[in-house]
Each structure stands twice: as structure tokens, then as C-alpha cells.
Participant: 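Structure below; questions to follow.
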Amino acid sequence: MHNYLDFEKPVADLDSQILELKKIGSGENSLDVSEDIQRLEKRSGDALVDLYKKLTPWQKTQVARHPDRPHCSDYLARLVSDFTPLAGDRLFAEDHAIIAGFGRFRGRPVAVIGQEKGADTQSRLKHNFGMARPEGYRKAVRIMELAERFGLPVVTLVDTAGAYPGIGAEERGQAEAIARSTETCLGLEVPLVALVIGEGGSGGAIAIAAANRVLMLEHAIYSVISPEAGASILWRDAGRAKDVAQAMKITAQDLKGFGIIDEIVGEPLGGAHRDKTAAIDMAGDRVEAALAELGGLDGRTLKAQRREKFLAIGRDLKV
């Protein structure tokens with residue numbers, strides 16, 4: 001059984017009926033209910049197609065945050081062999097919210113930097129729900145600089161609600177660390193490909209996503225602030241998060257239209273959590289293609305292209 005979201009209730013009801021019929025049909029001297037099961041499975045599939053054809057920005061936010069959605073560690077396990085994580089920022093501590101190291105992406109040596117939310121209570125606490133502290137971003141800078149030194153492309157996996165806003169993080173220079181990480185991304189003379197796999201929240205995301213190619217999963221979100229925080233600031237009412245999600249244009253489809261991302265990566269019907277392997281493989285294909293496109297460019301061209309790409313955002317928008 002899947003963990004169903006609120007708006008998926010029609011599908012959940014049908015799937016529940018299918019399970020009941022399967023139980024009835026599996027007993028001794030049971031009735032033949034195969035036709036009923038097929039009929040309900042078709043209705044369930046059709047209902048899922050209808051729902052995901054017209055998701056609202058708030059519903060996409062819920063899909064992007066789904067607890068079963070594949071996380072950074074799932075992508076690493078499937079796509080990167082011989083992965084060797086490196087720990088610490090050489091200044092203060094290790095930050096488990098960001099996983100960074102070197103490995104082989106489908107045979108190609110790469111540096112990988114990803115934000116990990118965790119999959120259960122223990123791992124979520126360990127990874128601080130994917131919200132990095134300054135030492136996490138300084139670790140990312142260290143890995144990017146090492147990658148450039150050895151001429152290795154960098155792949156980043158973005159999935160965070162935002163940088164950690166705690167007092168300790170602010171005291172240790174959270175804003176400066178994010179700025180340095182963003183600056184390092186823009187200054188690299190090796191290919192940099194970013195993939196938004198879930199939430200791309202504010203500076204916490206852009207710090208590792210100022211890339212030559214920014215890819216985004218079909219039901220991921222990417223925004224300057226979370227819908228709940230935006231609603232609290234604008235109306236002092238987090239309950240109006242749906243309105244903010246609509247107004248901020250946080251979906252992959254909106255952002256592609258604005259030129260903020262370069263490509264939308266498709267997901268299996270019903271979201272990446274319904275078929276993790278297929279979702280990760282589709283994303284891997286697009287990352288591989290992006291690396292191949294960038295592989296023939298020299299360092300100065302890569303750096304200039306990346307800087308121009310981000311400076312051009314919003315230039316042609318009419319307000």
C-alpha cells in the first residue's frame with residue numbers, strides 16, 4: 001500500500017476495494033473476482049491519470065514532500081558506484097545534511113554533493129531534515145574546489161526546505177557560507193549539473209544549484225521561501241500556504257517558462273515515490289546527457305556560460 005496524499009483519496013478508496021477483493025479471491029472455495037479486480041484497477045489507474053494531469057501548485061508541493069519520495073541516498077545507491085564520502089569542512093564540524101564525495105556516475109568519475117532529508121525518524125534527526133548548517137555549505141565548497149583541482153565534473157542533488165535557521169548556524173555565518181558556496185558554483189571551470197529532486201528551498205538550494213544545467217523533476221518545487229513561511233509573512237496565516245504556492249510560481253512547468261531551470265525530468269505516473277527505480281533511472285539519463293553536452297567545453301567557456309545564464313534570469317520579463 002502507498003502512503004496516499006489527501007487529494008489522492010479517490011484512488012485510495014479504489015485501491016482499498018481492490019485489496020479486499022484480492023483477499024476474498026485468495027481463500028479456499030473463493031469466488032472468482034478477477035473481472036471485478038480488473039475493472040477496479042482500470043478505474044484506479046484512470047483516476048490517477050486524471051488527478052496528475054491537473055495538479056495544483058500546492059498539490060505538487062505535497063508530492064515533492066512525500067515521505068516515500070526517493071532521496072539523495074537512493075540516487076547515490078542507484079547511480080554512483082565506488083562512492084567515497086568526505087566529511088567535515090576543516091573549520092568546525094561535519095554536517096550530515098549534506099552528503100558529498102567522489103565516485104563514478106555510470107563509469108564517469110564525478111564529484112557529488114547532495115542534500116539528504118532522511119527516511120525515518122532516526123535518519124531525519126541525523127540529517128537535520130536536509131537543512132544544512134554553515135559547515136555543510138563549507139564542506140560543499142571544499143568538495144567543489146577539489147573537483148576543479150582534479151578536473152572532475154560536479155553533480156548536485158537538491159532537496160531541502162531551506163538552510164537551517166537556528167541561532168548557532170547564524171552565529172557561525174550561515175549567510176556568508178551560502179554566499180561563498182553560490183560564488184564557488186559560479187566560478188567553477190568544470191561542468192556543474194544540478195538536479196532538483198524534491199524541494200528546492202531558498203538560498204539553501206541555490207547554494208549548490210548555480211549550475212550550467214539545472215534539471216528539475218516533474219513534481220518537484222523550487223522557491224525563494226516555503227509556501228507556509230510566505231503565508232505567515234504576508235498574512236500572518238500559514239493556512240494560506242495554498243494561495244502563496246499558486247502566486248509564487250514554484251512548479252517545474254512555471255520555472256521552465258521563466259528560464260530559471262533548463263529541463264523538466266519526467267516522473268512515473270503518480271510521482272517518483274510510486275516507482276523509485278524508474279524515476280531515478282530517468283533522472284540519471286538526463287544528467288548523463290547534460291554532462292555529455294558540457295564535456296566538450298573548456299573551463300573559461302563553462303564559467304562564462306554559467307554566469308551569463310544566471311545574470312540573464314528575469315532580464316526579459318515584463319512587470
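Numbering starts at 1 and runs along the sequence shown. Values in this document were obtained by computation on a predicted structure and should not be read as measured data.
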Participant: List for me each residue that meets side-chain hydrogen bond (donor to acceptor under 3.5 Å, both in side chains) alongside T182, sequence neighbours excluded, and say none if there are none.
Facilitator: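 Residues passing side-chain hydrogen bond (donor to acceptor under 3.5 Å, both in side chains) with T182: none at all.
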
Participant: For the atom pair CD1 (I261) and CD (Q253), what is the distance rounded to the nearest 0.5 Å?
Facilitator: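 With rounding to 0.5 Å, CD1 (I261) is 8.0 Å from CD (Q253).
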
Participant: Pairs in or reaching into residues 168-179: which pass side chain to side chain donor-acceptor pair (under 3.5 Å), with residues at least two apart or in two chains?
Facilitator: E135-R172, R138-E176, E176-R180

Participant: Please identify each residue that fulfils ring pair (Phe, Tyr, Trp, His ring centres under 6.0 Å) with H219, with sequence neighbours left out.
Facilitator: Y52

Participant: By side chain to side chain contact (heavy atoms under 4.5 Å, CB included), which residues pair with V49, not counting sequence neighbours?
Facilitator: K53, L269

Participant: Check L14 against A47 and note the closest heavy-atom contact, atom names and distance.
Facilitator: CD1-CB, 4.3 Å

Participant: Measure the shortest side-chain to side-chain distance between L217 and L195 over non-hydrogen atoms and say whether it is less than 4.5 angstrom.
Facilitator: yes

Participant: Identify the two heavy atoms, one from A12 and one from Y4, that lie closest to each other, and give their separation to 0.1 Å.
Facilitator: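 That would be CB-CG, 3.6 Å.
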
Participant: Heavy atoms only: give me the nearest I264-K256 pair and the separation to one decimal.
Facilitator: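 The answer is CD1-CB, 3.9 Å.
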
Participant: Between R106 and V287, is any pair of side-chain heavy atoms under 4.5 Å apart?
Facilitator: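 A side-chain contact is absent here, since even the closest heavy-atom pair is not under 4.5 Å.
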
Participant: Are the side chain of Y137 and the backbone N or O of G204 linked by a donor-acceptor pair below 3.5 Å?
Facilitator: yes

Participant: Tell me every residue that passes side chain to side chain contact (heavy atoms under 4.5 Å, CB included) with T160, counting only those two or more places apart in sequence or in another chain.
Facilitator: Q115, M131, A205

Participant: Do any N or O atoms from the side chain of N212 and from the backbone of L192 form a donor-acceptor pair under 3.5 angstrom?
Facilitator: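 Judged by distance alone, yes, a pair lies under 3.5 Å.
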
Participant: Evaluate whether atom CZ of R43 has more than 12 neighbouring non-hydrogen atoms of other residues, nucleotides or ligands under 6.0 angstrom away.
Facilitator: no

Participant: Side-chain contact, heavy-atom cut-off 4.5 Å: L51 with V11?
Facilitator: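 Yes, close enough: below the 4.5 Å cut-off.
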
Participant: Give a yes or no answer on whether the side chain of E116 reaches the backbone of G118 with a donor-acceptor pair at less than 3.5 Å.
Facilitator: yes

Participant: So S16 and D13, side-chain hydrogen bond (donor to acceptor under 3.5 Å, both in side chains) or not? Walk me through it.
Facilitator: CA-CA 5 Å; S16 179; D13 292 341; over 6 Å; no

Participant: I want to check something: taking the side chain as every heavy atom from C-beta on, are V196 and D159 in contact at a cut-off of under 4.5 Å?
Facilitator: no

Participant: Might you point out which heavy atoms bring A207 and C185 nearest each other, and give the distance in Å?
Facilitator: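 For A207 versus C185, the nearest heavy atoms are O-SG, 3.3 Å.
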
Participant: Could you give all pairs that pass the salt bridge (charged side-chain N to carboxylate O under 4.0 Å, His left out) test and reach residues 226-244, with sequence neighbours left out?
Facilitator: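 Sorted result for residues 226-244: R65-E228, R240-D243.
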
Participant: Kindly say whether L5 contributes a backbone atom to a donor-acceptor pair with the side chain of E8 at under 3.5 angstrom?
Facilitator: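 Here the side-chain-to-backbone pair exists.
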
Participant: Answer whether the closest heavy-atom distance between the side chains of D254 and K60 falls below 4.5 Å.
Facilitator: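 They are not in side-chain contact.
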
Participant: Taking side chain to side chain donor-acceptor pair (under 3.5 Å) as the cut-off, I'd like each qualifying pair that reaches into residues 121-133, sequence neighbours left out, listed once.
Facilitator: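 Every side chain to side chain donor-acceptor pair (under 3.5 Å) pair that includes a residue of residues 121-133, provided the two are not neighbours, is D120-S123.
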
Participant: Among residues two or more places apart or on two chains, list those pairs meeting salt bridge (charged side-chain N to carboxylate O under 4.0 Å, His left out) that have a residue in residues 208-227.
Facilitator: R213-E293

Participant: Does any N or O in the side chain of Q59 come within less than 3.5 Å of the main-chain N or O of T56, such that one atom is a donor and the other an acceptor?
Facilitator: yes

Participant: For K276, is there any backbone N or O sitting under 3.5 Å from a side-chain donor or acceptor partner on R78?
Facilitator: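 Side chain of R78 to backbone of K276: no pair is present.
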
Participant: Roughly how far apart are N3 CG and R274 CZ, rounded to 0.5 Å?
Facilitator: 10.0 Å

Participant: Taking NZ, NE, NH1 and NH2 as the nitrogens, is one of them in D262 or K309 under 4.0 Å from a carboxylate oxygen of the other?
Facilitator: yes

Participant: Side chains of V158 and I197: closer than 4.5 Å at any heavy-atom pair?
Facilitator: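 They are not in contact (no side-chain heavy atoms under 4.5 Å apart), so the answer is no.
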
Participant: So which heavy atom on R104 is nearest to which on P109, and how close?
Facilitator: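 Between these two residues, the closest heavy atoms are NH1-CG, 3.5 Å.
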
Participant: Evaluate the side-chain proximity of L291 to F105: yes if any heavy-atom separation is below 4.5 Å, no if none is.
Facilitator: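 Side-chain contact under 4.5 Å: yes.
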
Participant: Please give me the minimum heavy-atom distance between A241 and P227, naming the atom from each residue.
Facilitator: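 A241 and P227 have their closest heavy atoms at O-CB, 3.5 Å.
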
Participant: Between T156 and I208 (side chain of the first, backbone of the second, donor and acceptor by atom type, cut-off under 3.5 Å), is there such a pair?
Facilitator: yes

Participant: Can you tell me how far CG of L40 sits from CD of Q17, rounded to the nearest 0.5 angstrom?
Facilitator: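 The CD atom of Q17 sits 5.5 Å away from the CG atom of L40.
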
Participant: How many angstroms lie between CG in L157 and CG in L76, if you round to the nearest 0.5 Å?
Facilitator: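 Interatomic distance, L157 CG to L76 CG, rounded to 0.5 Å: 6.0 Å.
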
Participant: What residues join W235 in its hydrophobic cluster, counting side-chain heavy atom gaps under 4.5 Å, either direct or through other members?
Facilitator: I221, V224, I225, I233, L234, V244, M248, I250

Participant: What residue pairs, at least two apart or across chains, pass salt bridge (charged side-chain N to carboxylate O under 4.0 Å, His left out) with a residue in residues 85-101?
Facilitator: E94-K139

Participant: May I have all residue pairs that pass salt bridge (charged side-chain N to carboxylate O under 4.0 Å, His left out) and include part of residues 298-308, sequence neighbours excluded?
Facilitator: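 Of all non-adjacent pairs touching residues 298-308, those that pass salt bridge (charged side-chain N to carboxylate O under 4.0 Å, His left out) are E308-R315.
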
Participant: Measure the CZ-CE distance between R149 and M144 for me, rounded to the nearest 0.5 Å.
Facilitator: 14.0 Å

Participant: Filter on ring pair (Phe, Tyr, Trp, His ring centres under 6.0 Å), then keep only pairs touching residues 63-93, sequence neighbours left out; what's left?
Facilitator: H66-H273

Participant: CD1 of I167: more than 12 outside heavy atoms within 6.0 angstrom?
Facilitator: no

Participant: Nearest 0.5 Å, please: how far is CD1 in I18 from CD in E20?
Facilitator: 11.5 Å

Participant: Would L86 and F102 count as a side-chain contact (heavy atoms from CB on, under 4.5 Å) here? Give the steps.
Facilitator: CA-CA 8 Å; L86 299 183; F102 297 88; 3.6 Å; yes

Participant: Taking the side chain as C-beta and beyond, is there a heavy-atom pair between V190 and P153 under 4.5 Å?
Facilitator: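 Not in contact.
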
